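One structure is given below, encoded as structure tokens.
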Amino acid sequence: MNPLYSLVVPIYNEEAVLPVLLRRLDALLPKLDGPAEVIFVDDGSTDASPIVLEARARADARYRFLKLSRNFGQQVAMTSGMARARGQAVVLMDADLQDPPEVVLDMIAKWREGFEVVYAQRLSREGESRFKLMTSNLFYRVMGRLSDVDVPPNVGDFRLVDRKALDSFLAMPERDRFVRGMFSWVGYRQAVVQFHRPARAAGETKYSLTKMVRLAASGLVSFSDAPLRAALWAGLAVCAVALGYALFVVALWLAGANLARGWSSIIVVMTFLGGANMLMTGVLGVYIGRIHTEVKRRPLYFVDRAVGFEAASVIEAAREEAA
Ligand code: UDP
Ligand code: MG
């Protein structure tokens, strides 16, 4: 029998937190209103995590263990776990208990109300550096302005998704996976539950500065081509300034100001060429942006519900029979 719920937990060198995590999950599972599976995805850990988790998966039928061939990063680890999930509702959560398992009960309540994507929003964050909070805030502000999907602020990957939204997500073939953005992009009915985010239960963050920057860049680049188009606007602006400046220099010359010979023409030509260069780069950017969206090969849309098509095929069949 297929489980009703799947919990997907990416693991990267989390041996310090595993004992607590397993205890909390053991306490959560009986509280759910249906059978559940927990899928641990080992993202190339070099500590004892895979040994502990594999042992658990062998001993307890509710737990599963998936081991990736190396460290692919959290986004890919989650994707691989979701591809194996068989539940009707799938929950993504971090291993370090910063996503408290009990919140899953609230998410399930929302799911029962008919929402297909229920994401968890942090009301507060403990034990995280000011630098992390500031950069994360800045990122969501920029993202909100530049991209055409709404990535809600203060929301990580902690969320519940319905089978329908999950299958849509899995149908998106792009290599560069910014999971939270993609789940905003798929649409359907989305709801939010709020929670206070505690500090990591044990161990240290597995997100180095480079990994954070990479995640932010991949989010921006896969959901916005604004950076590409920026050159176009900058080029236009420089051209306009150059033109204004040329008029000014001509006016000076007409007024008989004492200018060094040749200076005005050189300066005008230089600024204008700079602008024209940038403008052309921007035009290239626009086309590369198109190529970029094409290359991603995303499906054009997802169907939420289809009603009445059965009737059409019945008429079709009747016609064929009559013929
Ligand atoms: N993680 C992963 N692969 C990585 C980095 C992190 O699977 O390359 C997992 C990690 O084990 C944890 C989750 O992603 O379950 C979030 O990582 P972490 O708590 O270190 O990030 P932070 O909360 O500090 O942003
Ligand atoms: Mg964490």
Side-chain angles (χ1 to χ4, degrees), residues 6-25 28 38-54 56 63-85 90-101 103-104 119-140 143 151 153-159 175-181 183 195-219:
S6 301
L7 273 61
V8 175
V9 189
I11 306 282
Y12 182 53
N13 293 343
E14 298 285 9
E15 64 183 3
V17 66
L18 288 186
V20 210
L21 173 68
L22 288 170
R23 225 177 312 127
R24 290 274 286 275
L25 288 175
L28 173 73
V38 177
I39 303 178
F40 292 117
V41 182
D42 176 57
D43 187 18
S45 298
T46 51
D47 65 357
S49 315
I51 300 166
V52 175
L53 295 175
E54 187 172 343
R56 173 54 76 105
Y63 290 88
R64 326 212 180 287
F65 175 67
L66 186 67
K67 188 171 164 39
L68 301 186
S69 58
R70 63 170 170 84
N71 180 241
F72 282 95
Q74 188 196 357
Q75 309 292 306
V76 175
M78 288 189 299
T79 304
S80 69
M82 284 186 278
R84 299 280 173 129
V90 177
V91 177
L92 292 177
M93 64 184 191
D94 286 1
D96 58 2
L97 296 171
Q98 283 194 291
D99 301 338
V103 177
V104 172
Y119 53 85
Q121 191 166 37
R122 309 155 184 159
L123 289 171
S124 63
R125 295 169 85 164
E126 262 170 54
E128 285 176 295
S129 65
R130 285 182 64 140
F131 175 74
K132 177 137 189 177
L133 295 184
M134 267 169 53
T135 45
S136 136
N137 256 332
L138 179 74
F139 171 73
Y140 285 106
M143 192 72 189
V151 179
N154 281 320
V155 171
D157 290 309
F158 189 24
R159 65 189 65 219
R175 318 270 93 201
D176 197 1
R177 299 185 87 80
F178 183 60
V179 174
R180 57 195 82 162
F183 274 120
F195 74 110
H196 291 280
R197 189 168 219 227
R200 195 173 235 286
E204 266 151 31
T205 176
K206 303 302 172 317
Y207 262 89
S208 55
L209 186 61
T210 19
K211 272 190 181 164
M212 246 167 74
V213 171
R214 212 180 293 159
L215 181 70
S218 114

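This structure is a prediction, so every number in the text was calculated from the model and none was measured. Whatever order the structure lists them in is the order used to number ligands and atoms, beginning at 1. Only this structure's heavy atoms are used, side chains among them; waters, hydrogens and symmetry mates stay out.
- Taking 2.8 Å as the criterion, Thr205 does not count as a coordinating residue of the Mg ion (ligand 2), since none of its N, O or S atoms falls below it.
- Residue contacts with ligand 1 for Asn71 involve side-chain atoms from C-beta outward but no N, CA, C or O (heavy atoms, distance under 4.0 Å).
- Within the structure, ligand 1 has Lys132 among the residues with a heavy atom less than 4.0 angstrom away.
- Here the CG atom belonging to Leu53 is positioned 13.0 Å from the CD1 atom belonging to Ile39, to the nearest 0.5 angstrom.
- Using a 4.0 Å cut-off between charged side-chain N and carboxylate O, Arg197 and Asp99 make a salt bridge.
- Backbone and side-chain nitrogen or oxygen atoms of Pro10 are examined, and one is located within less than 3.5 angstrom of a nitrogen or oxygen of ligand 1.
- Closest heavy-atom approach to atom 21 (O) of ligand 1 within the set Phe72, Phe158, Phe40, Tyr207: this belongs to Tyr207.
- Met78 does not count as a contact of ligand 1, since none of its heavy atoms falls under 4.0 Å from the ligand.
- Of all the listed residues (Val17, Asp96, Leu92, Ile11), Asp96 holds the heavy atom that lies closest to atom 19 (O) of ligand 1.
- Selection from Lys206, Gln74, Met212, Glu14 by nearest heavy atom to atom 14 (O) of ligand 1 gives Gln74.
- Considering backbone and side-chain atoms alike, Tyr12 places an N or O below 3.5 Å from some N or O of ligand 1.
- Between Asn71 and the choices Thr46, Asp42, Asp43, the side-chain hydrogen bond (donor to acceptor under 3.5 Å, both in side chains) rule is met once, by Asp43.
- Among the atoms of Asp94, no N, O or S atom falls under 2.8 Å of the Mg ion (ligand 2).
- For atom 18 (P) of ligand 1, the closest non-hydrogen atom of the protein is Arg200 NH2, 3.5 Å.
- At least one heavy atom of Lys211 sits closer than 4.0 Å to an atom of ligand 1.
- The CG atom of Asp157 lies 7.5 Å from the CZ atom of Phe178; values are rounded to the nearest 0.5 Å.
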